[in-house]
Amino acid sequence: MADQIQLPRGTQDVLPADWRLRFRVLDTARRRFEAAGFGRISTPTFEHTELFHRGVGEATDIVGKETYTFTDRGDRSLTLRPEGTAGVSRAFVAGGLHREPLPVKLWYSMAMFRYEKPQAGRLREHEQLGCEVLGSERAAVDAEVIAVQAGIYRDLGLPDLVLHLNSVGSTDARTAYRAALVEYLTPFASELDADSQERLATNPLRILDSKDPRTREIVAGAPLLPAFLTDEDRAHFDRVQTLLAAAGIDAVVDPLLVRGLDYYTRTVWEFTSSALGAQSTVGAGGRYDGLVEQLGGPATPAVGFGTGIERIVLCLEALGQKSRTRPVDAYVGVAPDAGDAAWTRAFRITTQLRERGRAIELDLAGRSAKGQAKQASKLESSLRMLVDDLGARMFLRGDFDGSDLPSDVDAAIGQVDAQLVALATMPRPDAT
RNA sequence: GUGGCUGUAGCUCAGUCGGUAGAGCCCUCGGUUGUGGUCCGAGUGGUCGCGGGUUCGAGUCCCGUCAGCCACCCCA
C-alpha cells in the first residue's frame, strides 16, 4: 500500500456520525433564525486581502498573523475568510441590500480559516454559525440578536452558559478612553508583559484582557471604559440590559471585556461554557456601527454574532449526547440463493416505497438470512422483507413464518405501506 | 509562536527486564434460542505515526520529524 496522506494540520473530516449532532445544531439555528425573520446568506470563501485589512484591522491578531493569504495566478492577493462579518458587510453593499427595508437580517453557516496552533475547540478550518442585522442602531436589535443566540443554545440544552456583556462605546468615546488608558499605562510600560508593551502602541484596549499577573495588577488601577461613555452610549447600553432582562436573559456586565476585532462599537458580548476548558467561548458578538461605511458603503449601524459549531458540538458531547439516525421503515433483503429476478423485484419494491417517502434499506451486502434479520434490528426496522425469485414475504418483529406478499409488485407495495401505517399507529413492540 | 504530555487493529486499550504483536468493541459467517434479544464459536483486520541511530535483535532505549491533546497565547 502507498503511504497514506494525512489530514492537513488543524483540519478534520466530518463523518456521518459527526453530522448527526451538527444537523441538530444547524436545524435548531435555522428554526430560530427563521422565526426571527432572518434570511440566509453565503459569501465567498476567499476575498480580496484588503477587505480584512480594512474591515477587521491590521493590528488584530486574526488579520495580522493568522490569515491564509496567497497570490492567485492573476497576481491578486486573496485571503481565506477568517471571520464572517467583513464579507457579509461587503455583500450587503454589493448586493444592494441597503436599498431594501432596513434593518436587513441575515444568517449564515460558513467555514472560517485561521492559522493557529490547533487544540481541542480550535481548528485551522472551522465552521461558524452567525448572523448580522444591518441598518438599525436601536438597542432592541442588540437585544434581539442576543436573544436569538441564547435561544439556539437553550433549544440545544447547552450547559453552564454565562453571558458576559459590556459596552465599548461609540467611536468618540473609545478614542477618548484609548488616550486616557495610554496615558495611565505609559509610566508602567517596562513592567507590562511583552505582548502588552507592543499593544500599548497598536491596540491598547486589548491590554485589559491580559492574564499576566503584573499586568493585571497595573490594569486594576486603570481608568475604566464606562466612565468615558457618552450619555447616548450609556442610555443605549442601559436599554439593552433592560430588554435582555425583559426577555429573561441573565447577563454579567464585565467592564474589562474587549473583543479582538477593531470594528466593534458599543455593545459587545461573549457566551462562555465551563464545558470547554481554555477555549471557553462558545459564541460572541457585538455592534459595529462604522464598518459598512469603512468598506465604502453608506453609513449603516449593525450588530451580529458568530458561534463555533465545533464548540457547540463539544458542549453537547460533554453532556453525553448522541443523536440517533432516523430509523428505517423497512428492510429489504434478497434470499441468498435467489437470482437476478429476485434482485430486480427487490429493487422495484425498494425504489417505489422510497417514492412514497418511506425510508427503505436494501441489503446490498448480500447478507445471510440471519444477517439480514440482525441488521434490520440494528436499524430499528420493525418490518422486514425477504425477496426470492417467486415473490416476497413480510416479517414483523418476532414474526416466525412471515406472511406472503402478493406476487404483483404494486399490490405487494400497497400491502407493505398499509402495514407501515398500521405500525405507526401502534406502540412499537419492544425487543425482548 | 512558547512550554509540557501522548501516538500499537476502524474504535477503546494491554504489551513485564529489549527476543519478531494481543484483548474487548465493530464487521462477516456459523451454532444456540419459537429464528432480529441473550449466549457460544470462527474469520477479516496492524510495516506498532514517519525517518534515522544504538543493538545479534527495537512496539519497548536514543535523536529527529509529523500529528493530537493540555497550559500560555489567541478566539469561535
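Naming: A, B, ... by sequence-line order, numbering from 1 per chain.
- Among B:G30, B:G36, B:C73, the nucleotide with an atom closest to any side-chain atom of A:Ser368 is B:G30.
- Distance, A:Gln375 CD to B:C29 C1': 14 Å, rounded to whole Å.
- Counting any heavy atom pair closer than 4.0 Å across all strands shown, A:Thr281 reaches a base atom.
- Nearest nucleotide to the A:Arg206 side chain, out of B:C74, B:U28, B:U32: B:C74.
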Checklist entry - For A:Thr28 and A:Asp155, what are the C-alpha separation, side-chain angles and deciding distance, and is it a side-chain hydrogen bond (donor to acceptor under 3.5 Å, both in side chains)? => result CA-CA 7 Å; A:Thr28 301; A:Asp155 289 352; 5.8 Å; no
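- Note on A:Leu396: a base of the nucleic acid sits closer than 4.0 angstrom, heavy atoms only.
- The distance from atom CD1 of A:Ile207 to atom C1' of B:C73 is 15 Å, rounded to the nearest whole Å.
- The environment of CG in A:Asp250 is sparse: at most 12 heavy-atom neighbours from other residues, nucleotides or ligands sit within 6.0 Å.
- The base of B:U28 is not paired with the side chain of A:Lys370 by any donor and acceptor separated by under 3.5 Å.
- Taking the six-membered ring for Trp and the full ring otherwise, the centers of A:Phe38 and A:Trp107 sit at least 6.0 Å from each other.
- B:C17 sits 22 Å from B:C13 when the P atoms are compared, rounded to a whole Å.
- Within 6.0 Å of CZ in A:Arg30 there are 12 or fewer heavy atoms belonging to other residues, nucleotides or ligands.
- A:Arg114 comes within 4.0 angstrom of a nucleotide base, judged by non-hydrogen atoms across all strands.
- Note: CE (A:Met385) to C1' (B:G36) measures 15 Å, nearest angstrom.
- Where pairing requires Watson-Crick or G-U contacts shorter than 3.5 Å, the helical stems of RNA chain B with at least three consecutive pairs are B:1-7 with B:66-72, B:10-13 with B:22-25, B:27-31 with B:39-43, B:49-53 with B:61-65.
- As a whole-Å value, the separation of A:Leu205 CG from B:C74 P is 14 Å.
- Only the P atoms considered, B:C66 is 23 Å distant from B:G59, to the nearest whole Å.
- At least one cation-pi condition fails for A:Arg174 and A:Phe228: the charged atom is not both under 6.0 angstrom from the six-membered ring centre and inside a 45 degree cone around its axis.
- We find that CD of A:Glu361 is positioned 18 Å from P of B:G36, with the value rounded to whole Å.
- Contacts of A:Ser196 classified as side chain to side chain donor-acceptor pair (under 3.5 Å), with partners at least two apart in sequence or in another chain: A:Asp193.
- The distance between atom CZ of A:Arg199 and atom P of B:C73, rounded to the nearest whole Å, is 9 Å.
- When the P atom is compared between B:C11 and B:G1, the two are found 28 Å apart, to the nearest whole Å.
- Comparing B:U54 with B:C62, their P atoms are spaced 16 Å from each other, to the whole Å.
- Shown are A:Glu83, A:Arg287, A:Gln294; of these, the side chain to side chain donor-acceptor pair (under 3.5 Å) with A:Tyr263 is made only by A:Glu83.
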Item to check | Steps toward side-chain hydrogen bond (donor to acceptor under 3.5 Å, both in side chains) verdict (A:Thr265, A:Ser170) | outcome: CA-CA 5 Å; A:Thr265 57; A:Ser170 54; over 6 Å; no
Heteroatom pairs (N/O) under 3.5 angstrom, protein to nucleotides 6-13 of chain B:
none

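- Heavy-atom contacts from other residues, nucleotides or ligands closer than 6.0 Å to CZ of A:Phe46 number 12 or fewer.
- Taking every heavy atom of residues 56-67 of chain A and every atom of RNA chain B, pairs under 4.0 Å involve A:Asp61, A:Ile62, A:Glu66, by number.
- Considering only residues two or more places apart in sequence or on other chains, A:Glu116 meets the salt bridge (charged side-chain N to carboxylate O under 4.0 Å, His left out) condition with none of them.
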Dump the pairs, protein N or O against N or O of nucleotides 67-72 of chain B, anything under 3.5 Å, distances to one decimal.
unit_1	atom_1	unit_2	atom_2	d
B:G68	OP1	A:Gly10	N	2.8
B:G68	OP2	A:Arg9	NE	2.9
B:C70	OP2	A:Ala120	N	2.8
B:A71	OP2	A:Gln119	NE2	3.2
B:C72	N4	A:Arg122	NH2	3.3

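- Residue contacts shown for A:Arg81 are absent, as no nucleic acid heavy atom lies under 4.0 Å away.
- A salt bridge links A:Arg22 to A:Glu310: one of the charged nitrogens lies within less than 4.0 Å of a carboxylate oxygen.
- Straight-line distance between the P atoms of B:U12 and B:C69: roughly 13 Å, to the nearest whole Å.
- In this structure, A:Ser280 and A:Ala365 both approach RNA chain B, and ranking their closest nucleotides by distance from the 5' end singles out A:Ala365.
- Here, B:C5 and B:C61 have their P atoms 14 Å apart, quoted to the whole Å.
- Ring geometry for A:Tyr264 versus A:Tyr288: interplanar angle over 60°, hence perpendicular rather than tilted (30 to 60°).
- Among the nucleotides B:C29, B:G36, B:C74, the one closest to the side chain of A:Phe395 is B:G36.
- Atom CD of A:Glu137 sits in a sparse spot, with 12 or fewer heavy atoms from other residues, nucleotides or ligands closer than 6.0 Å.
- Put simply, CZ on A:Arg367 is 15 Å from P on B:G36, counting in whole angstrom units.
- Comparing B:C40 with B:A58, their C1' atoms are spaced 39 Å from each other, to the whole Å.
- Rounded to whole Å, atom C1' of B:C74 lies 12 Å from atom NE2 of A:His126.
- Side chains of A:Ser273 and A:Tyr153: a donor-acceptor N/O pair is absent below 3.5 angstrom, by distance only.
- Other residues, nucleotides and ligands place no more than 12 heavy atoms under 6.0 Å from the OH atom of A:Tyr115.
- Here B:C73 is the nucleotide among B:C73, B:U32, B:G36 with the atom lying nearest to any side-chain atom of A:Asp195.
- Both tests do not hold together for A:Arg384 against A:Tyr331: distance to the six-membered ring centre under 6.0 Å, angle to the ring axis within 45°.
- B:G4 and B:U8 have their C1' atoms separated by 23 Å, with the value rounded to a whole Å.
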